[in-house]
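Before any comments, here is the structure.
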Amino acid sequence: MPAALFISDLHLQRSHPRTSAAFLSFLEHHAQYAQALYLLGDLFEYWAGDDDLEDPFNARMTAAIRAVSDAGVHVYWIAGNRDFLVGSGFAAAAGATLLSEPHVATIAGRRIVLLHGDAECTKDVQYMEFRAMVRQPAWQKQFLSMPLAQRKAIIDGLRQSSRAHNGEKSMDIMDVSPDAVAQVFAEQASTIMIHGHTHRPAVHKVDDTLRYVLPDWECDVTAQEQARGGWIAIDARGNITRHDLSGEIID
């Protein structure tokens, strides 16, 4: 039984049914047999507020997570840049514990710092200014007071604007900053980090630190493209492995 599994950046949405199916399969065949499941942000393409739990698609995904929790798995959630408006309503429905970031967890004797990763993309000054604004409680309170339909319209506009601006940014700007990563390692007194956000799965070794980057999930691809996705696992002995969508170990 794995001590913990980690996933992020599935960007679940009704228009991507194969990605959603892969997620449901992961929960049924892998997550429910772990001791803990960590959802490290951007599970959903967007989250307009917990009152959107009534949406059939959101309700189905949330119920599937709840089934894992009901099976005895500890489910933990760290917000991403797309679903930072998840609140106590979702947590109760999903049987999940909301964590602030960075979060340090001791798993199988290893001290690991967990985060989504967007806060460390400090070279993207424009995004960091936007992030600082939308993470303010006052901004969120005002936004969530709007009708759900209005919130969704605003989010759709922000997503379109983000896609346009990201196309003009260099890949380096949208990656985590080495200085920001080093600062997190130092402040949290950890030498192991797991995060997502960048969609650049890899293992980075710098001095005595190891930084594991989770893959994004995209199964709704053409016949000429390869589906993406996978997770990270930690076993009872503290061994960390990366897995593809089939569950096979990558390294």
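In this chain, residues are counted from 1 in sequence order.
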Is there side-chain contact between Phe44 and Leu10, with heavy atoms separated by less than 4.5 Å? no
The side-chain contact (heavy atoms from CB on, under 4.5 Å) partner of His197 among Asp216, Leu115, Val176, Asp118 is Asp118
Please say yes or no: joined through hydrophobic side-chain contacts below 4.5 Å, possibly via intermediate residues, are Leu12 and Val75 part of one cluster? yes
Between Gln32 and Glu28, does a side chain to side chain donor-acceptor pair (under 3.5 Å) hold up when you go through it step by step? CA-CA 6 Å; Gln32 73 165 337; Glu28 180 181 357; 5.8 Å; no
So, taking the atom named CZ in Arg82 and the one named OH in Tyr46, what distance separates them when rounded to the nearest 0.5 Å? 11.5 Å
Closest heavy-atom pair, Pro215 versus Gly229, reported as atoms and distance to 0.1 Å, is CG-C, 3.8 Å
Do Phe6 and Val104 land in one hydrophobic cluster if side-chain heavy atoms of ILVMFWY residues count as linked below 4.5 Å? no
Are the side chain of Asp244 and the backbone N or O of Ser246 linked by a donor-acceptor pair below 3.5 Å? yes
Establish whether Phe26 and Ile194 are linked, either directly or via other cluster members, by ILVMFWY side-chain heavy-atom contacts under 4.5 Å. no
State, with a plain yes or no, whether a side-chain heavy atom of Asp251 is found less than 4.5 Å away from one of Thr241. no
Under the side chain to side chain donor-acceptor pair (under 3.5 Å) rule, what do Asp156 and Gln160 come out as? Steps first, then yes or no, please. CA-CA 6 Å; Asp156 186 58; Gln160 292 184 36; 2.9 Å; yes
Is there a donor-acceptor pair closer than 3.5 Å between any side-chain N or O of Arg66 and the backbone N or O of Ala92? yes
Looking only at heavy atoms, the pair that brings Cys219 and Ala227 closest together is CA-CB, 3.9 Å
Under 3.5 Å donor-acceptor, Ser69 side chain and Ile65 backbone: no
Could you please spell out the steps behind the side chain to side chain contact (heavy atoms under 4.5 Å, CB included) verdict for Val213 and His195? CA-CA 5 Å; Val213 185; His195 71 82; 3.6 Å; yes
Go through Ile232 and Leu214 one step at a time and tell me if the side chain to side chain contact (heavy atoms under 4.5 Å, CB included) criterion holds. CA-CA 7 Å; Ile232 286 173; Leu214 287 158; 3.7 Å; yes
State, with a plain yes or no, whether a side-chain heavy atom of Met146 is found less than 4.5 Å away from one of Leu144. no
Quick check: do Met1 and Gln35 have side-chain heavy atoms less than 4.5 Å from each other? yes
Compute the centroid of each ring, for Tyr38 and then for Trp77, and state whether the two points are separated by less than 6.0 Å. no
Gly230 versus Ile7, closest heavy-atom pair with distance: O-CG2, 4.0 Å
If I take atom CD from residue Glu120 and atom CZ from residue Arg211, how far apart are they, to the nearest 0.5 angstrom? 9.5 Å
Do the non-hydrogen side-chain atoms of Glu225 and Thr222 ever get within less than 4.5 Å of each other? yes
Please determine whether residues Leu39 and Leu245 belong to a single hydrophobic cluster, defined as Ile, Leu, Val, Met, Phe, Trp and Tyr linked transitively by side-chain heavy-atom distances below 4.5 Å. yes
Are Trp47 and Phe90 close enough that their ring centers fall under 6.0 Å? yes
Any heavy-atom pair between the side chains of Ile112 and Ile234 that's under 4.5 Å? yes
Given side chain to side chain contact (heavy atoms under 4.5 Å, CB included), test Met174 with Lys123 step by step and report yes or no. CA-CA 7 Å; Met174 293 190 291; Lys123 295 179 184 178; over 6 Å; no
Ile154 with Met133, same ILVMFWY side-chain cluster at under 4.5 Å: yes
His74 atom NE2: more than 12 heavy-atom contacts under 6.0 Å: no
Asp9 (side chain) donor-acceptor with Asp42 (main chain) under 3.5 angstrom: no
Begin with the C-alpha distance, continue with both residues' side-chain angles, and end with the deciding distance and a verdict on side chain to side chain donor-acceptor pair (under 3.5 Å) for Asp220 and Thr19. CA-CA 6 Å; Asp220 295 87; Thr19 302; 2.8 Å; yes
Write down the atom of Pro2, the atom of Tyr33, and the distance for their closest heavy-atom approach. CD-O, 3.5 Å
Whether the side chain of Thr62 engages the backbone of Asn58 through a donor-acceptor N/O pair (distance < 3.5 Å, no angle test) should be reported. yes
Flag if over 12 foreign heavy atoms under 6.0 Å of CZ, Arg135: yes
Please round to the nearest 0.5 Å and tell me the distance separating atom OG of Ser20 and atom CZ of Arg60. 7.5 Å
His116 NE2 to Asn81 CG distance, which is reported to the nearest 0.5 Å: 4.0 Å
Gln13 side chain vs His11 backbone, donor-acceptor pair below 3.5 Å: yes
Heavy-atom check, side chain of Thr209 versus side chain of Met193, under 4.5 Å: no
Could you state the interatomic distance from CZ (Arg151) to OG (Ser145), rounded to the nearest 0.5 Å? 8.0 Å
Compare every heavy atom of Trp217 with every heavy atom of Ser8, then report the nearest pair and how far apart it is. O-CD1, 3.8 Å
Is a side-chain N or O of Asp83 found less than 3.5 angstrom from the main chain of Leu43, in a donor-acceptor match? yes
With heavy-atom distances below 4.5 Å as the criterion, would you say the side chains of Arg242 and Val203 are in contact? yes
Does Arg14 form a salt bridge (charged side-chain N to carboxylate O under 4.0 Å, His left out) with Asp55? I'd like the steps, not just the answer. CA-CA 10 Å; Arg14 186 180 292 101; Asp55 176 87; 2.8 Å; yes
Is the backbone N or O of Val221 less than 3.5 Å from a side-chain atom of Arg18, with the two atoms forming a donor-acceptor pair by type? yes
Between the CD1 atom in Ile78 and the CG atom in Leu40, the distance rounded to the nearest 0.5 Å is 5.5 Å
Looking at Leu114 and Ala105, what are the two nearest heavy atoms and their distance? CD1-CB, 4.2 Å
Apply the test side chain to side chain contact (heavy atoms under 4.5 Å, CB included) to residues Ile240 and Ile192: give CA-CA distance (whole Å), side-chain angles for both, the deciding distance (0.1 Å), then the verdict. CA-CA 10 Å; Ile240 302 176; Ile192 302 173; 4.0 Å; yes
Is it true that a side-chain atom of Arg111 and a backbone atom of Thr106 form a donor plus acceptor pair closer than 3.5 Å? no
Is the count of non-hydrogen atoms from other residues, nucleotides or ligands lying under 6.0 Å from Lys205 atom NZ greater than 12? yes
Using modelled atom types only, decide if a donor and an acceptor are shared between the side chain of Gln140 and the backbone of Leu85 within a distance under 3.5 Å. no
